[in-house]
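Below, all heavy atoms of this structure are taken into account, side chains as well, without hydrogens, waters or symmetry copies.
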Amino acid sequence: MQRILVSIKLAPEGMAHIRATPELQKAEKDYVDRWKEEGLLESFYISTDRTGAILVFAGVDEGRTRELIGTLPYFPYMAKVEYLDLMKQF
């Protein structure tokens, strides 16, 4: 099955706003939780410094994955988003 790995790095100037806005943090978590429940998101990792994340989507193509990432509340604060199309071997 196809997987899309998404690597996200948040902008330093956006981090202050994110940290100061608990409702934004909750909204972001709600999106991720819903994607997990819907079976779209296979894995989710946050960097130890909390300025980046890795998401692994399953069963959706890159175009749909880009649409989903664009809906995230943190999207305006992302400095870098990379997409990698993968095929799981085992």
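You'll find the side chain of Glu82 stays beyond 4.5 Å of the side chain of Val6, heavy atoms only. For the pair Thr51 and Lys9, the minimum side-chain heavy-atom distance is below 4.5 Å. Side chains of Tyr83 and Leu5 form no contact here, defined as non-hydrogen atoms less than 4.5 Å apart. Contact check for Leu86 versus Lys88: no side-chain heavy atoms found under the 4.5 Å cut-off. Looking at Trp35 and Leu55, their side chains come closer than 4.5 Å, going by heavy atoms from C-beta outward. The shortest side-chain heavy-atom distance between Ile69 and Val81 falls under the 4.5 Å cut-off.
Closest approach of Gln25 and Ile18 over heavy atoms only: NE2-O, 2.7 Å. When all heavy atoms of Leu41 and Lys36 are compared, the closest pair comes out as O-CD, 3.3 Å. Between Tyr77 and Gly14, the closest heavy-atom pair is CD2-CA, 3.8 Å.
Other residues, nucleotides and ligands place no more than 12 heavy atoms under 6.0 Å from the OH atom of Tyr45. Applying the 6.0 Å contact sphere to CZ of Arg34 captures more than 12 heavy atoms from other residues, nucleotides or ligands.
A distance-only check finds no donor-acceptor pair linking the side chain of Glu42 to the backbone of Phe57 [under 3.5 Å]. Thr71 contributes a side-chain N or O that, together with a main-chain N or O of Leu68, makes up a donor-acceptor pair within less than 3.5 Å.
For the residue pair Asp61 and Gln2, no side-chain donor N or O sits within less than 3.5 Å of a side-chain acceptor on the partner.
Of the charged side-chain nitrogens involved, at least one lies within less than 4.0 Å of a carboxylate oxygen, so that Glu67 and Arg64 count as a salt-bridged pair.
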